Amino acid sequence: MLTGYGKEYQVIVVGAGHAGCEAALAAARIGCSTLLLTMGLDVVAMMSCNPAIGGSAKGHLVHEIDALGGEMGLNIDATMIQFRRLNTRKGPAVRASRAQADRMAYSARMKRILEAESALDLKQGAVVSIDTDESGVRGVYTKEGLYFSAKNIVLTTGTFMRGLIHVGLNNYPGGRAGEPASEGLSDCLRDLGFKVGRLKTGTPARLSQRSIDFSRLQKQEGDSQIRGFSFLAQSLDLEQVPCFIANTNEKTHEIIRQNLHRSPLYAGVIEGVGPRYCPSIEDKVVRFPERTSHQTFLEPEGRESSEVYPSGMSTSLPPDVQLAFYRSMEGLEQVEIMRPGYAIEYDFVEPMQLKKSLETKAISGLYHAGQINGTSGYEEAAAQGLIAGINAARRSQEKPPLVLGRDQAYIGVMIDDLTTQTTREPYRMFTSRSEFRLLLREDNADQRLTPLGRSVGLVDDERWRRYTEKQKWFSDGVEALEGQRLSSKQKDILAGLGLKEMKQGASLRDILRRPEISIDQLVPHVDALTGADDEVLEQLEIAIKYEGYIRRQQQLVERMEGLEGQALPADINYPEISGLSQEVKERLAEVKPETLGQASRIQGVTPAAIAVLTVYLKRWKKQ
């Protein structure tokens with residue numbers, strides 16, 4: 001017999017991983033009565049793989065989540081144990097933040113935040129099916145015999161749908177080691193008409209800290225200056241925990257080669273497609289036979305934990321082989337494995353079946369976010385969860401969805417990629433995926449997105465005050481640098497800047513454009529910049545030094561806006577459009593693009609096909 005609590009929610013979020021936490025918090029903070037259902041209350045926001053946040057492009061996503069009013073940036077700032085800024089010698093577009101987290105502290109803090117949100121109920125329950133009718137979703141059924149009703153449901157199931165764990169040639173159902181798989185939900189989605197596929201990911205063993213000889217390994221310290229992921233943070237002061245670098249060798253590789261027949265991947269047991277950009281150690285050995293060594297970072301899992309995560313060493317080989325190849329590495333000769341590595345297969349739902357709001361095209365009120373969409377990574381999941389939660393809440397309030405463009409955010413790039421391109425492997429964000437990456441930097445995520453976060457109700461008064469104050473510093477700084485000039489007579493200042501005599505005067509803005517001049521050199525000569533923090537100064541320097549490049553990218557955005565602004569009818573009958581090839585008709589009918597711009601990015605859709613569509617659209621509008 002099914003029972004409920006006699007309470008109807010506006011939004012139900014299924015799954016309390018990184019996507020689910022952001023979705024539930026967003027919906028509740030916008031003002032909707034929200035239920036977050038999870039299979040385990042003790043593993044909220046659990047870091048199943050590396051306990052780290054950020055990295056190239058991923059750090060950009062975290063800054064965007066924070067700028068919109070999400071929680072991930074604040075959570076990692078509060079629980080990090082080491083911080084590094086990557087690519088500092090490269091251009092500003094690819095500079096990225098990365099932090100090692102205290103795994104258990106990260107989860108515990110996120111759970112406290114969820115429990116403190118007044119409009120949010122956090123409950124344990126395993127959802128097995130979704131209740132729908134002709135108008136859309138109505139509620140969910142749980143394995144425990146409960147029914148919860150809502151007109152908006154966000155699925156964030158992670159790797160749990162029909163999850164199957166592989167350790168050597170042994171396998172068993174599980175969403176991750178020690179936790180059950182979710183059964184029934186993917187069958188329900190198939191019955192509802194969704195195309196469901198199979199993917200694979202993996203994780204390395206966890207090593208005992210006390211069994212490692214760190215004296216024989218290279219130590220990697222964190223940066224001396226720690227800059228938070230959240231725009232609310234100032235410089236953070238904490239005692240950092242070092243990581244260490246170890247290396248495989250020929251003996252390691254030979255042990256792996258001799259045991260490939262015991263790997264489920266090479267024995268043909270695994271059917272799911274794994275991430276090409278994050279191969280297992282056995283994949284690396286097979287695919288790169290010329291390499292005599294592969295590097296791994298030994299990263300602590302927390303201040304109070306003795307478990308160590310060896311990054312880049314994911315594997316599904318049997319535990320005895322794992323122990324043998326680890327012990328062949330210098331410094332790890334006596335190492336003990338606390339948890340063996342494993343591979344996991346799971347169901348995902350083809351994301352081309354989604355609108356850019358992350359609402360499914362087939363069923364109104366049903367949203368998908370995270371690994372159910374074929375993505376990998378905590379940051380990608382959290383970003384999707386935030387957008388899905390926002391849009392589920394806005395639908396409940398009868399407001400239009402928030403849709404981010406490719407020129408606005410990496411979040412927009414990711415969602416456009418997912419809803420436009422066929423998923424052949426787990427999707428990971430890279431800076432190279434964006435054609436506008438100089439516009440989508442970490443430092444200016446607040447300029448791009450905080451006003452949007454304010455408009456949807458996620459940016460509170462304090463964050464807004466801090467944002468407007470920072471923007472005033474920025475605009476005043478630009479004005480001061482433009483208005484203040486140096487003349488050839490100011491020889492002392494010129495000499496201090498390392499400049500030769502100038503025949504004519506120049507504004508400090510023009511001087512800052514010179515590659516050898518930094519903003520720090522000019523600050524003593526500009527009263528308006530006295531007291532400006534490092535973030536403001538960095539934004540000023542980038543905006544002025546790269547002004548020409550930024551202007552060209554903005555011009556490209558303007559040219560593309562013509563296509564993006566032309567919406568395609570949802571009920572368009574592509575097979576009836578003459579002038580399109582059969583392949584193009586099939587691809588357009590499958591994706592159902594929302595705009596001409598999206599149609600132009602579908603694989604196989606040629607410029608000639610876009611021209612045909614443009615003519616068809618003009619005729620359709622006249623009817």
Side-chain angles (χ1 to χ4, degrees), residues 48-50 52 159 163-172 174 176-177 198-209 211-214 216-218 220 243-299 307-346 376 424-426 428:
S48 309
C49 205
N50 193 351
T159 60
L164 186 66
I165 292 174
H166 296 267
V167 184
L169 299 181
N170 298 315
N171 58 66
Y172 58 91
R176 53 189 165 214
R198 196 85 166 146
L199 291 174
K200 166 246 172 187
T201 188
T203 190
R206 303 308 193 270
L207 310 178
S208 170
Q209 187 179 63
S211 65
I212 299 172
D213 185 354
F214 291 105
R216 300 171 63 192
L217 303 176
Q218 179 185 343
Q220 184 191 57
C243 299
F244 291 83
I245 299 174
N247 293 278
T248 64
N249 53 53
E250 285 283 17
K251 185 178 179 181
T252 313
H253 299 178
E254 185 57 29
I255 292 170
I256 291 170
R257 280 191 288 263
Q258 289 177 356
N259 287 278
L260 286 175
H261 65 285
R262 301 178 65 192
S263 164
L265 186 65
Y266 287 91
V269 176
I270 292 178
E271 59 181 271
V273 179
R276 172 169 41 93
Y277 45 79
C278 188
S280 65
I281 186 60
E282 52 263 44
D283 268 344
K284 291 179 182 179
V285 170
V286 171
R287 288 163 53 183
F288 307 106
E290 73 283 0
R291 292 282 298 273
T292 59
S293 177
H294 293 283
Q295 190 178 80
T296 177
F297 291 90
L298 302 183
E299 299 171 323
E307 293 184 69
V308 173
Y309 180 97
S311 68
M313 297 286 285
S314 66
T315 183
S316 57
L317 286 164
D320 61 302
V321 180
Q322 294 183 39
L323 185 61
F325 74 62
Y326 277 117
R327 286 187 172 180
S328 70
M329 298 167 62
E330 184 177 358
L332 304 181
E333 291 88 351
Q334 304 300 320
V335 76
E336 294 289 345
I337 290 178
M338 298 180 71
R339 310 186 200 209
Y342 61 88
I344 181 169
E345 290 185 278
Y346 57 94
S376 70
R424 293 187 174 89
E425 62 182 347
R428 178 179 179 176

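Quick caveat, the model's predicted, so the values are computed rather than measured.
- Taken to the nearest 0.5 Å, the OG1 atom of T248 stands 10.0 Å off from the CD atom of Q295.
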Item to check | Verdict with supporting geometry, N259 and F325, side chain to side chain contact (heavy atoms under 4.5 Å, CB included) | outcome: CA-CA 10 Å; N259 287 278; F325 74 62; over 6 Å; no
Checklist entry - Does the salt bridge (Lys or Arg N to Asp or Glu O under 4.0 Å) test come out yes or no for R257 and E254, once each step is laid out? => result CA-CA 5 Å; R257 280 191 288 263; E254 185 57 29; 3.4 Å; yes
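- The shortest non-hydrogen separation linking C243 to E299 is SG-CG, 3.8 Å.
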Item to check | Check against side chain to side chain contact (heavy atoms under 4.5 Å, CB included), E330 and N247 | outcome: CA-CA 7 Å; E330 184 177 358; N247 293 278; over 6 Å; no
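- Residue-environment remark: CD (Q334) stays at or below the threshold of 12 foreign heavy atoms within 6.0 Å.
- A salt bridge links E336 with R327; the closest basic N to acidic carboxylate O contact falls under 4.0 Å.
- Put simply, the side chain of R287 never gets that close to the backbone of V285: no donor and acceptor are under 3.5 Å apart.
- The shortest side-chain heavy-atom distance between V167 and P319 falls under the 4.5 Å cut-off.
- What you find for A267 and H261 is that their closest heavy atoms are CB-O, 4.0 Å.
- The CD1 atom of I344 lies 11.0 Å from the SG atom of C49; values are rounded to the nearest 0.5 Å.
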Next on the checklist: Could you walk me through whether I245 and T296 satisfy the side chain to side chain contact (heavy atoms under 4.5 Å, CB included) test, starting with their C-alpha distance in whole Å, then the side-chain angles of each, then the deciding distance to 0.1 Å, before giving a yes or no?
Outcome noted: CA-CA 6 Å; I245 299 174; T296 177; over 6 Å; no
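- Under the 4.5 Å side-chain criterion, counting only non-hydrogen atoms from C-beta, N249 is in contact with S328.
- Taking CE from M329 and CG from L298, the interatomic distance works out to 7.0 Å, rounded to the nearest 0.5 Å.
- A 4.5 Å side-chain heavy-atom check between I212 and F244 finds every atom pair outside the cut-off.
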Checklist entry - What's the verdict on side chain to side chain contact (heavy atoms under 4.5 Å, CB included) for R198 and L164, showing C-alpha distance, side-chain angles and the deciding distance? => result CA-CA 11 Å; R198 196 85 166 146; L164 186 66; 3.7 Å; yes
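- At least one donor-acceptor pair closer than 3.5 Å links the side chain of Y342 to the backbone N or O of A177.
- Residue pairs meeting the salt bridge (Lys or Arg N to Asp or Glu O under 4.0 Å) criterion with at least one member in residues 309-321, sequence neighbours excluded, are R262-D320.
- Side-chain contact check for Y266 versus D283: some heavy-atom pair is nearer than 4.5 Å.
- When all heavy atoms are compared, the tightest approach of E282 to S263 is OE2-OG, 3.7 Å.
- Side-chain N or O atoms of T315 include none that pairs as donor or acceptor with a backbone N or O of I281 at under 3.5 Å.
- L207 places a side-chain heavy atom less than 4.5 Å from the side chain of I337.
- Interatomic distance, L332 CG to L217 CG, rounded to the nearest 0.5 Å: 6.0 Å.
- Atom-to-atom distance recorded for F288:CZ and S293:OG is 13.5 Å, nearest 0.5 angstrom.
- In this structure, M338 and P340 have side chains that are not in contact, with every pair of non-hydrogen atoms separated by 4.5 Å or more.
- Here the OG1-OH distance, from T201 to Y346, works out to 5.5 Å after rounding to the nearest 0.5 Å.
- Remark: R291 engages no residue in a salt bridge (charged side-chain N to carboxylate O under 4.0 Å, His left out) (not counting sequence neighbours).
- Contact check for Q322 versus M313: no side-chain heavy atoms found under the 4.5 Å cut-off.
- A 4.5 Å side-chain heavy-atom check between T203 and S48 finds every atom pair outside the cut-off.
- In plain terms, the two heavy atoms of S314 and G202 that are nearest each other are CB-C, 3.9 Å.
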